[in-house]
Structure formats: C-alpha cells, structure tokens
Amino acid sequence: MPVPPEDRIVGPGFRQKVYDWVARVPEGSVSTYGDIATLLGSPRVARQVGYALSALPEKHAASVPWHRIINGQGRISFRGDLSRAELQQRKLEAEGVAFDAQGRVVAFAERRWRLFSET
DNA sequence: GGTTTGACCATAA
DNA sequence: CTTATGGCCAAAC
C-alpha cells in the first residue's frame, strides 16, 4: 500500500530532489542553495531550492535539515521572517556551528559540505 | 498558458 | 562594509 501524500516528502518533481539532497547534509556541516542547485543539474536553480525549503512543512523538518542550508555568503537568508532566522541559527549553534558578529558562519569554507569530494 | 512570486547569486556603485 | 539591479528557473494563481 502506498504511503499517504502527507507522510512522504514528495512534491512536484523539483522539490523532491531538493529535499533528498538536503537530507544528505551531515550534522555539523552546512551547505548553500547554489551547491544544492548545482547537484540538481543547474546552479541557476538556487532560487527554487530556497523556494522548495520555504514550502517545507515543519513535519518534515526532522527528516530534512533545512537549517543547514544557507546562502553563498555563509549567512542565513530569510526574506522577512526573522523568527525563522533565529530558529535556524539556534539549531546550527546546537550542532556546533558558530556565528560571528556579522552573522556569518565561522570557518564557513571548511564547514561547507564537500559535495564534489565525497571520496 | 501568460503573469506573479520567491529561504538566490553575481555584479556594480 | 551595504544597497540596488538584472537574470535565472520552477511553482502557484
């Protein structure tokens, strides 16, 4: 018997891929919208990555570490809902990710998940 | 099927 | 350092 639509993370094509890759980001590491978009095939779909995560219900927040996805500048990007931004920063800090006074991830280049060198 | 909307990114000032 | 503009592409209306 198939899984109910609400119980799975499937969406209209693109979103499902985004969730699948985001779920692979290990704890304590971070990734960017651009990197996820590149994995999907085109670095230009970074917007759709963020758009997909915006549509991610809180129910799937446990299985999809949306808080580990930040922008290419190593900063948390939210377009207005700062309440979510504080939540994201708090979650990252709980995993050992630190932020400086400017809101950027400390040692971002090293914490950035190495997508192209899985070894 | 055209228009609007975005948790983005690169570039310019 | 910050702010502004254009481009990009999928999903919603």
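Chain letters run A, B, ... following the sequence lines, proteins first and then strands; every chain starts at 1.
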Hey, can you pull the residues of residues 65-75 of chain A with a non-hydrogen atom under 4.0 angstrom from DNA chain B?
Trp66(A), Asn71(A), Gly72(A)
Using whole Å, what does the distance between atom C1' of nucleotide dA11(C) and atom NZ of Lys17(A) come to?
15 Å
Across all chains, not counting sequence neighbours, the side-chain contact (heavy atoms from CB on, under 4.5 Å) partners of Gln73(A) are Asn71(A), Arg75(A)
Do Tyr51(A) and Val49(A) sit in the same hydrophobic cluster, where Ile, Leu, Val, Met, Phe, Trp and Tyr count as joined when their side-chain heavy atoms come under 4.5 Å apart?
no
Starting from P on dA10(C), measure out to CD on Gln16(A) and report it in whole angstrom.
16 Å
Heavy atoms from C-beta onward define the side chain here; which of dC9(B), dA12(C), dA7(B) lies closest to that of Arg15(A)?
dA12(C)
Output the single nucleotide from dA11(C), dA7(B), dC9(C) whose closest atom is nearest the side chain of Val45(A).
dC9(C)
Can you name the closest pair of heavy atoms from Val22(A) and Pro65(A) and give their distance?
O-CG, 3.2 Å
Using a cut-off of less than 4.0 Å, is there contact between a side-chain N or O of Ser54(A) and OP1 or OP2 of dG6(B)?
no
Distance-only donor-acceptor test (3.5 Å): side chain Arg47(A), base dC8(C):
yes
Could you check how far CG of Leu56(A) sits from C1' of dA10(C), rounded to whole Å?
17 Å
Protein-nucleotide distance (Leu82(A), atom CG; dA7(B), atom P), rounded to Å:
12 Å
Answer yes or no: are there more than 12 heavy-atom neighbours, outside Lys91(A) itself, under 6.0 Å from its atom NZ?
yes
Where along residues 94-107 of chain A does a heavy atom fall under 4.0 Å from DNA chain C?
Gln102(A), Arg104(A)
In sequence, state the C-alpha distance, the side-chain angles, and the governing distance for Asp100(A) and Phe108(A), and then conclude on side-chain contact (heavy atoms from CB on, under 4.5 Å).
CA-CA 11 Å; Asp100(A) 58 9; Phe108(A) 168 60; over 6 Å; no
Would you compute the distance between atom CG of Leu87(A) and atom CG of Leu92(A) and round it to the nearest 0.5 angstrom?
9.5 Å
With a 4.5 Å heavy-atom cut-off, do Trp113(A) and Asp35(A) have their side chains touching?
no
Sub-3.5 Å donor-acceptor pair from the side chain of Gln88(A) to the main-chain atoms of Ile69(A), do we have one?
yes
Of Tyr51(A) and Arg44(A), whose closest DNA chain C nucleotide lies nearer the 5' terminus?
Arg44(A)
Tyr33(A) (side chain) and dA7(B) (base): donor-acceptor pair under 3.5 Å
yes
Measure CG/Leu92(A) against C1'/dA7(B) and give the value in whole Å, please.
13 Å
Identified salt bridge (charged side-chain N to carboxylate O under 4.0 Å, His left out) counterpart of Glu95(A) within the set Arg90(A), Arg68(A), Arg111(A):
Arg68(A)
